[in-house]
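Below you'll find the structure, written out as structure tokens, and then a few comments.
The chain is numbered in sequence order, starting from 1.
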Amino acid sequence: QVQLVESGGGSVQAGGSLRLSCAASGFPYSRYCLGWFRQAPGKEREGVASIYTRSGSTHYDDSVKGRFTISQDNAKNTLYLQMNSLKPEDTAMYYCAADFKINLCDDASYALKEAEYDYWGQGTQVTVSS
């Protein structure tokens, strides 16, 4: 049974940093696409970043490029999102997601699309104050 558990959220002032973690377990395959998504109150869930576990190739939404870094530790089966230079508009619930579709991670337009992912964590809240 696939499980994703996020942690690391919290409250921080603008300009600060946080690192989110997502512990993964129960994956039947070794190659899959992992993504970070976020949802602010009253808004749709949006893709933030993705990574392909085999190659480490990544995609980022333009709003976080240069500030956020997605990474993985295969030995620990853990996904990370390092968030620097945080802004109030980054405030949201952050979710990690996974899917096994071949080539999902090849194209950013699919890799950052919520509907493409079948497995989701419960989310962790990030609040950035000005």
Side-chain angles (χ1 to χ4, degrees):
Q1 181 179 355
V2 173
Q3 285 194 323
L4 299 167
V5 180
E6 303 96 333
S7 62
S11 296
V12 64
Q13 289 192 326
S17 298
L18 282 173
R19 188 177 80 157
L20 305 183
S21 300
C22 175
S25 62
F27 281 58
Y29 309 109
S30 61
R31 303 172 184 178
Y32 43 92
C33 193
L34 292 169
W36 283 102
F37 291 75
R38 65 186 180 186
Q39 187 169 22
K43 295 188 176 181
E44 293 185 352
R45 194 175 300 186
E46 62 178 4
V48 174
S50 69
I51 187 167
Y52 184 41
T53 58
R54 179 186 182 188
S55 64
S57 62
T58 59
H59 295 291
Y60 294 91
D61 183 76
D62 287 345
S63 65
V64 305
K65 280 181 181 177
R67 300 189 299 122
F68 291 10
T69 303
I70 188 171
S71 63
Q72 58 180 343
D73 184 332
N74 290 333
K76 296 181 179 180
N77 291 327
T78 301
L79 175 71
Y80 300 101
L81 185 68
Q82 177 66 44
M83 305 185 295
N84 298 328
S85 303
L86 282 162
K87 305 175 181 180
E89 50 264 44
D90 294 319
T91 294
M93 185 72 79
Y94 282 73
Y95 301 88
C96 67
D99 201 88
F100 304 108
K101 285 193 289 292
I102 296 173
N103 299 327
L104 173 60
C105 262
D106 288 352
D107 188 322
S109 60
Y110 293 103
L112 299 180
K113 189 175 181 180
E114 175 189 7
E116 296 293 335
Y117 289 79
D118 285 340
Y119 302 97
W120 292 85
Q122 83 289 349
T124 186
Q125 178 68 38
V126 172
T127 303
V128 185
S129 58
S130 58

| remark: All heavy atoms of S130 vs all of A14, minimum pair found to be CA-CB, 4.3 Å

| query | Hey, does the side chain of N103 reach the backbone of D106 with a donor-acceptor pair shorter than 3.5 angstrom? | reply | no

| said: Suppose the criterion is ring-ring contact (aromatic ring centres under 6.0 Å, His included): which pairs have a residue in residues 89-110, not counting sequence neighbours? | reply: F27-F100, Y29-F100, Y32-F100, F100-Y119

| request: Using a 4.5 Å cut-off on heavy atoms from C-beta on, say whether the side chain of E114 contacts that of E46. | output: no

| task | Look at the side chain of K101 and the backbone N and O of E116, then say whether any donor-acceptor pair between them is shorter than 3.5 Å. | result | yes

| Between A40 and T91, what is the shortest heavy-atom contact and its length? | CB-O, 3.7 Å

| message | Show the nearest heavy-atom pair for residues S50 and L112, with the distance to one decimal. | response | N-CD2, 3.8 Å

| note | For L104 and C33, the nearest pair of non-hydrogen atoms, with its separation, is CD2-CB, 4.0 Å

| Sequence neighbours excluded, every pair satisfying side chain to side chain donor-acceptor pair (under 3.5 Å) that has a member inside residues 7-22 | S17-N84

| field | Residue pairs passing the ring-ring contact (aromatic ring centres under 6.0 Å, His included) test where at least one lies in residues 37-62, sequence neighbours excluded | value | F37-Y117, F37-W120

| Rounded to the nearest 0.5 Å, what separation is found between the CZ atom of R31 and the SG atom of C105? | 13.5 Å

| Are R67 and D90 close enough that some pair of their side-chain heavy atoms sits under 4.5 Å apart? | yes

| N/O donor-acceptor pair under 3.5 Å between S63 side chain and D61 backbone | no

| query | Do I70 and Y80 have side chains that get closer than 4.5 Å, going by heavy atoms? | reply | no

| query | Can you check whether E6 reaches L20 side chain to side chain, under 4.5 Å on heavy atoms? | reply | no

| said: Can you tell me which residue among M83, R38, M93 is in a side chain to side chain contact (heavy atoms under 4.5 Å, CB included) with V126? | reply: M83

| message | Any non-hydrogen side-chain atom of E44 less than 4.5 Å from a side-chain atom of Q39? | response | no

| Any sub-3.5 Å donor-acceptor pair from N77's side-chain atoms to S25's backbone N or O? | no

| message | Check for me, please, whether V64 and L81 land in the same ILVMFWY cluster - side-chain distances under 4.5 Å, paths through other members count. | response | yes

| message | If hydrophobic clusters are built by linking Ile, Leu, Val, Met, Phe, Trp and Tyr wherever their side-chain heavy atoms come under 4.5 Å apart, do W36 and L86 end up in the same one? | response | yes

| query | If you measure from CG on L79 to CD on Q72, what distance do you get to the nearest 0.5 Å? | reply | 7.5 Å

| field | Rounded distance (nearest 0.5 Å) linking atom OG1 of T58 with atom CG of L34 | value | 12.5 Å

